[in-house]
Protein chains: 2
Amino acid sequence: MVKRVSLSDAECPVARSLDGIGDWWSLLIVRDAFDGARRFGEFQKSLRISKGILASRLQGLVALGVLAVTSASDGSAWQDYVLTPKGEALFPVIVALRQWGEAFCYRPGEPHSELVDRKDGKTLAPLIVRNADGEIIRARDTIVMKI
Amino acid sequence: MVKRVSLSDAECPVARSLDGIGDWWSLLIVRDAFDGARRFGEFQKSLRISKGILASRLQGLVALGVLAVTSASDGSAWQDYVLTPKGEALFPVIVALRQWGEAFCYRPGEPHSELVDRKDGKTLAPLIVRNADGEIIRARDTIVMKI
DNA sequence: CAGGATCCAATACGATACTG
DNA sequence: CAGTATCGTATTGGATCCTG
């Protein structure tokens, strides 16, 4: 992948996460996987990414354990890429990015897609950071404990 | 920044977010800002990033409205970089990445830093995605509504 | 269609030197 | 210390061609 400087041995989980999925394409591929994409061509069409980069990113995500390859759901000779539990666990990350984008990256009234409850079509609740007791907590009331 | 392909006009908020902060360094800079870093040198020492790239990323984050420049807190001739409300709103994104990294990117027993409540030192609660009624919802129970 | 191989342009990034 | 400027290299990412 990139390896500008080794973050893979970082003691900070944020750095280690970004070392794996912090590139330009990986999270968009994961988003499409949540959206139902499984085939090489589906990702390619949705992302308008070159085949070489897509292939390398898919391999990287498989190597990371975020995606897994399975035999094709439609019986074709090829394979599907499906989210693993590790990949599914990225759901809060995608939702957080989506909610931040909705709130701060659109002009008022500018249209954008929306993630809704399948059952009632209503927008999800905003993600709230809470402490161990379930109380809402702000960034300034937290601190990073070094190892 | 990069502009491999224009995501800045994407109708998907995830893509638009990543267009602004989805590069290798920006979210780490934001993490350090949450951590209390304000000065050029603080970011540089923490990230071990080259000065040129750091300067360009700081400028980009200021242009995006994630950081703002203020007069130095210590009275020196230079300036501080502080989070704006838009930057503070990235807190759930950072927390989500941190919790995912903690859960999936360390071997059992491998040490890592931890984000805790300043008040009692206890680890934060895991982020939970909920629907409009406050019920826990899984990815497969959601769907993206196109514009 | 799913990929891999190759070629090429653009740039991200590090290292260094320079300035106030 | 806080940047800016320059340079060299590695990598990105698109386009094209090729295969089963």
Side-chain angles (χ1 to χ4, degrees), chain A residues 1-8 10 15 18-30 32-33 36-64 67-82, chain B residues 1-8 10 15 18-30 32-33 36-64 67-82:
Chain A
M1 306 288 283
V2 166
K3 305 309 149 207
R4 55 217 176 297
V5 67
S6 172
L7 258 44
S8 55
L18 290 174
D19 189 64
I21 54 163
D23 72 280
W24 284 104
W25 291 113
S26 293
L27 278 176
L28 289 172
I29 292 173
V30 170
D32 279 0
R38 306 167 67 95
R39 300 298 291 270
F40 191 94
E42 292 180 295
F43 292 108
Q44 195 190 0
K45 183 164 47 140
S46 161
L47 297 170
R48 290 183 305 174
I49 184 180
S50 76
K51 308 171 78 160
I53 295 295
L54 176 57
S56 108
R57 286 299 185 279
L58 287 172
Q59 283 175 12
L61 289 170
V62 169
L64 243 182
L67 294 179
V69 292
T70 73
S71 51
S73 50
D74 62 355
S76 75
W78 309 105
Q79 55 198 6
D80 280 13
Y81 298 89
V82 297
Chain B
M1 303 288 282
V2 166
K3 305 307 147 206
R4 56 218 175 299
V5 67
S6 171
L7 257 46
S8 56
L18 290 173
D19 190 64
I21 56 163
D23 71 280
W24 284 103
W25 291 113
S26 292
L27 278 175
L28 289 172
I29 292 173
V30 170
D32 279 1
R38 304 168 67 95
R39 300 298 290 267
F40 190 94
E42 292 180 293
F43 291 108
Q44 195 191 359
K45 184 165 47 142
S46 161
L47 296 170
R48 291 183 305 176
I49 183 180
S50 75
K51 307 171 79 159
I53 294 294
L54 176 57
S56 107
R57 285 300 183 278
L58 287 172
Q59 283 175 12
L61 289 170
V62 169
L64 242 183
L67 294 179
V69 292
T70 73
S71 52
S73 49
D74 63 355
S76 74
W78 310 106
Q79 55 198 6
D80 281 14
Y81 298 89
V82 298

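Residue numbering restarts at 1 for every chain, and letters A, B, ... go by the order of the sequence lines. On a predicted model such as this, the values are computed, not experimentally measured, just so you know. All values below were derived from every heavy atom in this structure, side-chain atoms included, with hydrogens, water molecules and symmetry-related copies excluded.
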To the nearest angstrom, how far is [X] atom [atom1] from [N] atom [atom2]?
{"X": "A:I53", "N": "D:dT16", "atom1": "CD1", "atom2": "C1'", "result": "15 Å"}
{"X": "A:D23", "N": "C:dA12", "atom1": "CG", "atom2": "C1'", "result": "14 Å"}
{"X": "B:I49", "N": "C:dA15", "atom1": "CD1", "atom2": "P", "result": "12 Å"}
{"X": "A:D80", "N": "C:dC1", "atom1": "CG", "atom2": "P", "result": "15 Å"}
{"X": "A:L54", "N": "D:dT12", "atom1": "CG", "atom2": "P", "result": "14 Å"}
{"X": "A:Q44", "N": "C:dC1", "atom1": "CD", "atom2": "C1'", "result": "10 Å"}

Which atoms form the tightest heavy-atom contact between [X] and [Y], and what is the distance?
{"X": "A:R57", "Y": "A:W25", "value": "CG-CB, 4.1 Å"}
{"X": "A:T70", "Y": "A:R38", "value": "OG1-NH2, 4.4 Å"}
{"X": "A:F43", "Y": "A:A33", "value": "CE2-N, 3.8 Å"}

Contacts of type side-chain contact (heavy atoms from CB on, under 4.5 Å), residue [X], not counting sequence neighbours:
{"X": "B:Q59", "value": "none"}
{"X": "B:K45", "value": "none"}
{"X": "B:S71", "value": "none"}

**Distance (rounded to the nearest 0.5 Å) between B:L61 CG and B:I21 CD1** =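 These two atoms lie 8.5 Å from each other.
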
**Item:** Sequence-distant partners of B:R39, salt bridge (charged side-chain N to carboxylate O under 4.0 Å, His left out), two or more places apart
**Value:** B:D74, B:D80

**Request:** For each nucleotide in nucleotides 1-6 of chain D, reading 5' to 3', give B when a protein heavy atom comes within less than 4.0 Å of its base, S when such contact involves only the sugar-phosphate, and - otherwise.
**Result:** BBBS--

**Message:** To the nearest 10°, give me the bend of the helix from C:dC1-D:dG20 to C:dG20-D:dC1, comparing the axes of its five terminal pairs at either end.
**Reply:**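 About 30° separates the two local helix axes.
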
